[in-house]
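Reviewing the structure listed below.
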Amino acid sequence: MKDIYILGIETSCDETSASIVKNGIEEIATVISSQIDIHKDYGGVVPEIASRHHVKNITMVLEECFEKANMKMDDIDAIAITYGPGLIGSLLIGLEAAKTLSFVYQKPLIPIHHIAGHIYANSLVKELEFPLLAVVVSGGHTELIEMTDHFKFHKLGGTLDDAIGECYDKVARVLGLEYPGGPKIDKLSAEGEPTYQLPVPLKDDSYNYSFSGLKSAVINLVHNEEQRGEDIRKADLAVSFQKASIEAITSKARKAIIDKNIKNVIVAGGVAASRALRKAMEDLTNELGVELSIPPMKYCTDNGAMIAAAGYYAYLEGRRADLNLNAKSQDTLN
Ligand code: KG4
Ligand code: ZN
């Protein structure tokens with residue numbers, strides 16, 4: 001069979017990224033231009049600033065990607081693009097670039113949902129095996145998704161309020177840690193003990209999550225200690241917070257694995273880079289005797305390779321968009 005090369009473009013938040021992936025599994029070249037250093041001065045992503053930087057970076061990122069791959073647009077079979085969900089201005093920049101390339105070089109355009117991209121980051125390591133449970137833990141999403149085949153998504157449950165990554169970032173902020181807070185909390189956790197009592201979110205019979213109560217509990221605890229003139233033991237609070245949030249993730253994942261008789265579990269999204277979560281998911285799946293796949297760190301946070309990987313399977317399924325494709329800041333996975 002002829003090799004298929006997909007160009008993946010991702011600009012949904014604060015990373016401008018392009019990647020070329022062969023046959024959905026082999027990363028040929030990836031370029032990621034991160035805006036973290038710009039947004040950290042504001043404590044979070046400022047949408048207008050993010051869009052402006054995508055405009056500035058997109059052409060360079062694409063050129064560098066082709067240079068790295070030693071390839072030309074003519075070598076590409078199709079262009080996969082994140083159309084949503086995400087920041088509307090940011091999405092539009094990548095989308096316009098993808099549409100322009102599709103039009104000029106007459107290449108098929110493949111619309112990819114951002115969370116499908118995170119899920120398919122796992123196929124850059126090993127082909128997905130169905131049925132599987134995807135534990136999606138990102139800055140904007142926290143969901144349990146059952147997949148019976150490629151692009152057959154069935155949402156079992158999700159967060160009723162904040163996403164887990166959002167909660168990590170807010171907690172980091174009250175602890176005085178820089179954006180993005182997730183990696184800082186995870187690092188700090190290694191030095192602490194879980195001595196603070198925090199509520200484990202939404203202990204019920206559903207597959208849903210809720211993180212706003214945990215977030216408020218941490219914020220209130222910090223404010224109360226400050227008012228009393230007590231010092232916060234940051235590392236202890238970081239590990240206490242991680243313990244509670246990870247317990248919420250694993251307890252609902254456990255329920256889904258057992259109820260649905262799942263044999264393959266994958267973790268997807270930026271928070272999958274948390275060493276504590278990776279370890280907890282390894283322990284859980286070992287205990288239940290099921291297969292686990294977690295992407296390497298570089299594929300956990302936003303990147304073009306995951307979009308290209310998803311794009312390959314979408315391409316095989318004949319999924320195409322025309323030049324009327326529009327960005328969607330919110331969209332359900334299907
Ligand atoms: O998937 P992602 O890159 O963007 C969205 O699609 O939202 O996820 C970003 C989130 C941020 O909240 C960030 O703090 C978190 O992933 N994150 C981590 C780690 N690396 C990134 N959280 C915990 N531990 C990490 N090592
Ligand atoms: Zn993401």
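Both counts, for ligands and for their atoms, begin at 1 and track the order of listing. What you are looking at is a predicted structure, and each value in this text was computed from that prediction instead of being measured.
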What protein heavy atom sits nearest [atom], and how far away is it?
{"atom": "atom 5 (C) of ligand 1", "result": "G139 N, 3.6 Å"}
{"atom": "atom 21 (C) of ligand 1", "result": "G270 O, 3.4 Å"}
{"atom": "atom 22 (N) of ligand 1", "result": "G182 CA, 3.3 Å"}
{"atom": "atom 11 (C) of ligand 1", "result": "D169 OD2, 3.5 Å"}
{"atom": "atom 6 (O) of ligand 1", "result": "H114 NE2, 2.9 Å"}

Aromatic ring proximity, centroids under 6.0 angstrom, F151 and Y313: no
Derivation and outcome, ring pair (Phe, Tyr, Trp, His ring centres under 6.0 Å), residues H118 and Y299: CA-CA 8 Å; H118 276 302; Y299 297 140; over 10 Å; no
Within a distance under 4.0 Å of any heavy atom of [X], pick out the atoms of ligand 1 and give their elements.
{"X": "G140", "value": "7 (O)"}
{"X": "S274", "value": "23 (C), 24 (N), 25 (C), 26 (N)"}
{"X": "T301", "value": "3 (O), 21 (C)"}
{"X": "A273", "value": "19 (C), 20 (N), 25 (C), 26 (N)"}
{"X": "G165", "value": "12 (O)"}

Aromatic Y196 / basic R233 pairing, under 6.0 angstrom, 45° off normal: yes
Check: D302 N/O within less than 3.5 Å of ligand 1 N/O: yes
Distance-only N or O hit between ligand 1 and Y168, under 3.5 Å: no
Going by heavy atoms in the side chains, are [X] and [Y] under 4.5 Å from each other?
{"X": "Y207", "Y": "D259", "value": "yes"}
{"X": "D204", "Y": "K252", "value": "yes"}
{"X": "T159", "Y": "E143", "value": "no"}
{"X": "V218", "Y": "V174", "value": "yes"}
{"X": "F153", "Y": "E146", "value": "no"}
{"X": "K56", "Y": "Q35", "value": "no"}

Among the N, O or S atoms of D302, the one nearest the Zn ion (ligand 2): OD1
Where on [X] is there a heavy atom closer than 4.0 Å to ligand 1, on the side chain, on the backbone, on both, or on neither?
{"X": "M297", "value": "neither"}
{"X": "H118", "value": "side chain"}
{"X": "D186", "value": "side chain"}

Shortest heavy-atom approach to atom 20 (N) of ligand 1 - which of C300, S138, S245, P183: P183
Angle at the Zn ion (ligand 2) (to 10°), with one arm to NE2 of H118 and the other to NE2 of H114: 100°
Exceeds 12 heavy-atom contacts within 6.0 angstrom, atom CD of E291: no
Side chain to side chain contact (heavy atoms under 4.5 Å, CB included) partner of Y5, the single match among N23, I28, D75: I28
